[in-house]
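A short worksheet on the structure shown next.
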Amino acid sequence: MSTARANATTDVPFEVAVVGAGVVGAAIARELARHRLRVLLLETGADVGAGTSKANTAILHTGFDAKPGTLEAGLVRRGHALLVRHAAEAGIPVERLGALLVAWDDEQRATLPAITERARRNGYTAIREVAAAELYAREPALAPGALAALEIPDESIVCPFTTPLAFATEAVVNGVTLMLEAPLQAVTRTPPAADAAGARDADAAGVYVLLTARGHFRARYVVNAAGLGADDVDRLFGHTRFTVTARRGELVVFDKLARPLLRHVLLPVPTARTKGVLVSPTVFGNLVLGPTADDVSDKDATDSTAGGIHGLLAQGRRLVPALADEEVTAVYVGLRAATEHADYQIRFHPEERYVCVGGIRSTGLSASMAIAEHVCDGLRDAGLRLEPRLDFRAVRMPNIGEAFGRPYERSELIAADPDYGRIVCHCERVTRREILDAAGAAIPARNLDALRRRTRATLGRCQGFYCTAAVTRLLASASGREIAELLGVPP
């Protein structure tokens with residue numbers, strides 16, 4: 001893993017510093033790593049993809065329902081194609097199940113032609129209307145009363161954990177310096193060279209000095225991909241053009257025994273404010289229901305609420321009545337970075353060598369790779385020299401998707417290393433070797449939360465009741481960390 005020493009300052013500036021290692025920031029760092037550049041990736045949290053990115057509905061959207069002509073529409077459409085291709089190469093679990101957008105009354109049904117036309121204006125032509133008879137033949141567990149639906153065959157489910165981790169891993173193994181637990185606290189800029197004509201072109205415009213909790217770092221260009229904190233970072237650079245409001249989305253995860261109830265992603269007719277509550281399979285073999293959409297003032301408000309969960313369960317029973325008899329494995333909460341603007345807030349400042357990537361909201365996972373392309377194009381236009389590197393190292397991530405052959409099922413792996421056959425977390429069938437591999441990875445699991453996102457350990461129906469002690473001891477031994485630190489217990 002490429003790291004920088006705490007409180008270290010180097011005489012040679014990074015060409016680019018990316019602030020935020022969620023799925024968008026990690027994708028940008030990966031795209032920059034494809035070129036001969038010194039790149040810094042700063043992250044406030046203790047792991048990559050540990051904020052908004054880990055707690056979404058895990059849908060890889062086609063962008064069929066985006067507002068035509070917006071930046072979001074174009075980037076989601078492009079991002080879908082890029083991520084489908086890259087997922088196959090990098091081992092990111094993706095399943096193309098298709099979605100059914102269901103109309104339950106005459107008013108909703110009347111909107112279907114407009115949604116279809118919007119999809120076609122966005123370049124998505126595979127959408128088609130499905131009559132009630134076909135809908136129920138394909139989804140027999142659906143509640144009675146649906147009038148019709150739209151089929152979107154290319155909507156997919158994706159692993160929200162592996163995606164940002166894969167991007168960040170490719171960045172790190174190709175030389176990007178990752179600094180975790182390094183919130184950006186202040187920004188200054190060295191003045192331009194007094195004699196610009198005689199100065200190196202790269203430094204003639206001055207260099208940013210970034211103060212973090214882990215020291216000062218210097219960079220010629222800065223990309224703000226700070227998610228919920230993007231407006232705060234934007235203000236450090238002298239801009240006040242948007243405010244991020246945390247939009248809380250609560251979700252319910254049903255046990256794996258509920259998975260046979262659905263064959264597709266079930267989408268609601270969207271409103272002006274939200275895509276609404278969906279029911280979807282996950283790549284882990286569960287069903288997920290949600291999200292809610294409540295604006296909150298606290299950007300750390302990730303606690304679930306009794307009212308939110310009660311409301312979701314009631315909606316779930318109305319959509320798929322059999323869910324009332326299924327067990328709930330877990331609930332979780334994600335905070336989306338909503339702003340007062342309807343579109344992404346991606347702004348380039350060539351004269352400042354600064355890029356703001358804000359207001360990405362719930363489509364960030366789908367659009368991430370296209371956003372990275374877009375940002376790199378803007379940096380090139382701003383004067384950054386992008387020389388492709390011929391020695392870029394691709395990575396293949398460990399599979400944690402249920403449909404792709406888990407390690408415990410693969411006899412050739414077990415024959416080569418019996419630890420792939422020694423299950424430690426029985427609910428999720430996580431083996432000893434997977435935990436050891438996660439502890440020694442390019443971006444290692446530094447605590448139990450990070451381990452969950454890399455292996456699924458303790459995410460099953462018992463929520464770690466039976467295996468947490470064994471998993472924690474194994475991770476502590478493999479990583480050299482104290483058990484209290486892995487559990488997040490304050491010193």
What distance separates Asp154 CG from Tyr124 OH, expressed to the nearest 0.5 Å? 3.5 Å

Give a yes or no on whether the backbone of His374 and the side-chain of Asp377 come within a donor-acceptor separation of less than 3.5 Å. no

Does Arg121 have more than 12 heavy atoms from other residues, nucleotides or ligands lying within 6.0 Å of its CZ? no

Name of the residue among Ile28, Val19, Asn224 meeting side-chain contact (heavy atoms from CB on, under 4.5 Å) with Val357: Ile28

For the NZ atom of Lys256 and the CG atom of Asn286, what is their distance to the nearest 0.5 Å? 4.0 Å

Could you give the distance from CD (Glu402) to SG (Cys159), rounded to the nearest 0.5 Å? 12.0 Å

Is it the case that more than 12 heavy atoms not belonging to Arg385 sit under 6.0 Å from its CZ atom? no

Using a 3.5 Å distance criterion without hydrogens, assess whether the side chain of Glu31 forms a donor-acceptor pair with backbone atoms of Ala372. no

Of all heavy-atom pairs between Asn399 and Gly401, which one has the smallest distance, and what is that distance? OD1-N, 2.9 Å

Assess the residue pair Val176 and Val18 against the criterion (side chain to side chain contact (heavy atoms under 4.5 Å, CB included)); give the C-alpha distance rounded to whole Å, side-chain angles, the decisive distance to 0.1 Å, and a yes or no. CA-CA 10 Å; Val176 170; Val18 180; over 6 Å; no

Where Gly358 and Ala230 come nearest, the two heavy atoms and their spacing: CA-CB, 4.1 Å

Enclosure of Arg36 CZ (heavy-atom neighbours >12, cutoff 6.0 Å): yes

Taking the side chain as C-beta and beyond, is there a heavy-atom pair between Arg452 and Phe161 under 4.5 Å? no

Should Leu100 and Glu139 count as side-chain neighbours, where that means a heavy-atom distance under 4.5 Å? yes

If you draw a 6.0 Å radius around CD in Glu387, do more than 12 non-hydrogen atoms from other residues or ligands fall strictly inside? yes

Ignoring hydrogens and geometry, is there a side-chain-to-backbone donor-acceptor pair from Arg214 to Leu180 under 3.5 Å? yes

Search all heavy atoms of Val102 against all heavy atoms of Gln108 and return the closest pair with its distance. O-OE1, 3.8 Å

Please identify which of these residues, Val320, Leu261, Leu262, Leu287, meets the side-chain contact (heavy atoms from CB on, under 4.5 Å) condition with Phe254. Leu287

For Arg38 and Pro13, indicate whether the former's side chain and the latter's backbone hold a donor-acceptor pair under 3.5 Å. yes

Should His61 and His80 be marked as a side chain to side chain contact (heavy atoms under 4.5 Å, CB included) after you check the CA-CA gap, both sets of side-chain angles, and the distance that decides it? CA-CA 6 Å; His61 294 291; His80 177 274; 5.9 Å; no

side-chain hydrogen bond (donor to acceptor under 3.5 Å, both in side chains) partners of Thr363, counting only residues at least two apart: Glu72, Tyr344

If every non-hydrogen atom of Ser156 is compared with every non-hydrogen atom of Arg96, which pair is closest and at what distance? OG-CA, 3.4 Å

Can you tell me if Arg393 uses its side chain to pair, donor with acceptor, with the backbone of Asn174 under 3.5 Å? no

Is Asp234 salt-bridged to Arg241, cutoff N-O under 4.0 Å? yes

Could you give me the CA-CA distance, side-chain angles and deciding distance for Arg259 and Phe284, then say whether side chain to side chain contact (heavy atoms under 4.5 Å, CB included) is met? CA-CA 10 Å; Arg259 174 63 181 86; Phe284 310 128; over 6 Å; no

Could you pull out the closest heavy-atom pair between Pro281 and Leu97, with the gap in Å? CG-CD1, 3.6 Å

How long is the gap from CG on Asn122 to OG1 on Thr62, to the nearest 0.5 Å? 8.5 Å

Is it true that Asp106 and Arg109 have a side-chain N and a carboxylate O under 4.0 angstrom from each other? no

Do the non-hydrogen side-chain atoms of Val265 and Thr57 ever get within less than 4.5 Å of each other? no

Got a list of side-chain donor-acceptor pairs under 3.5 Å for residues 296-305, not counting sequence neighbours?
from: Asp298; atom 1: OD1; to: Asp300; atom 2: N; distance (Å): 2.8
from: Lys299; atom 1: NZ; to: Leu228; atom 2: O; distance (Å): 2.8
from: Lys299; atom 1: NZ; to: Asp231; atom 2: OD1; distance (Å): 2.8
from: Lys299; atom 1: NZ; to: Asp231; atom 2: OD2; distance (Å): 3.4
from: Lys299; atom 1: NZ; to: Asp232; atom 2: OD2; distance (Å): 3.4
from: Thr305; atom 1: OG1; to: Glu250; atom 2: OE1; distance (Å): 3.1
from: Thr305; atom 1: OG1; to: Glu250; atom 2: OE2; distance (Å): 2.8
from: Thr305; atom 1: OG1; to: Gly308; atom 2: N; distance (Å): 2.9

If you look at every heavy atom in Leu135 and Val130, which pair is closest and at what distance? N-CG1, 3.6 Å

Is there a side-chain contact between Ile92 and His86 in this structure, where contact means two heavy atoms from C-beta onward sitting under 4.5 Å apart? yes

Could you walk me through whether Glu15 and Arg220 pass salt bridge (charged side-chain N to carboxylate O under 4.0 Å, His left out), step by step? CA-CA 5 Å; Glu15 273 84 17; Arg220 297 185 177 108; 3.5 Å; yes

Treating Arg263 as the side-chain partner and Arg138 as the backbone partner, does any N or O pair qualify as donor plus acceptor under 3.5 Å? yes

Matching residue for Tyr208 among Tyr354, Phe14, Phe237 - test: ring-ring contact (aromatic ring centres under 6.0 Å, His included): Phe237

Would you say the side-chain atoms of Arg248 pair up with the backbone N or O of Val333, donor to acceptor, closer than 3.5 Å? no

Nearest 0.5 Å, please: how far is CG in Leu165 from CD1 in Ile443? 5.5 Å

Between Thr190 and Val207 (side chain of the first, backbone of the second, donor and acceptor by atom type, cut-off under 3.5 Å), is there such a pair? yes

May I ask you to test the Pro160-Lys54 pair for a side-chain heavy-atom distance under 4.5 Å? no

What's the verdict on side chain to side chain contact (heavy atoms under 4.5 Å, CB included) for Thr212 and Met179, showing C-alpha distance, side-chain angles and the deciding distance? CA-CA 10 Å; Thr212 78; Met179 294 299 298; over 6 Å; no

Answer whether the closest heavy-atom distance between the side chains of Ile115 and Pro270 falls below 4.5 Å. yes

Could you give the distance from CZ (Arg247) to CG (Asp295), rounded to the nearest 0.5 Å? 4.5 Å

Give a yes or no on whether the backbone of Leu379 and the side-chain of Tyr221 come within a donor-acceptor separation of less than 3.5 Å. no

Between Val283 and Val94, is there a side-chain heavy-atom distance shorter than 4.5 Å? no

With a 4.5 Å cut-off on side-chain heavy atoms, are Thr243 and Glu340 touching? yes

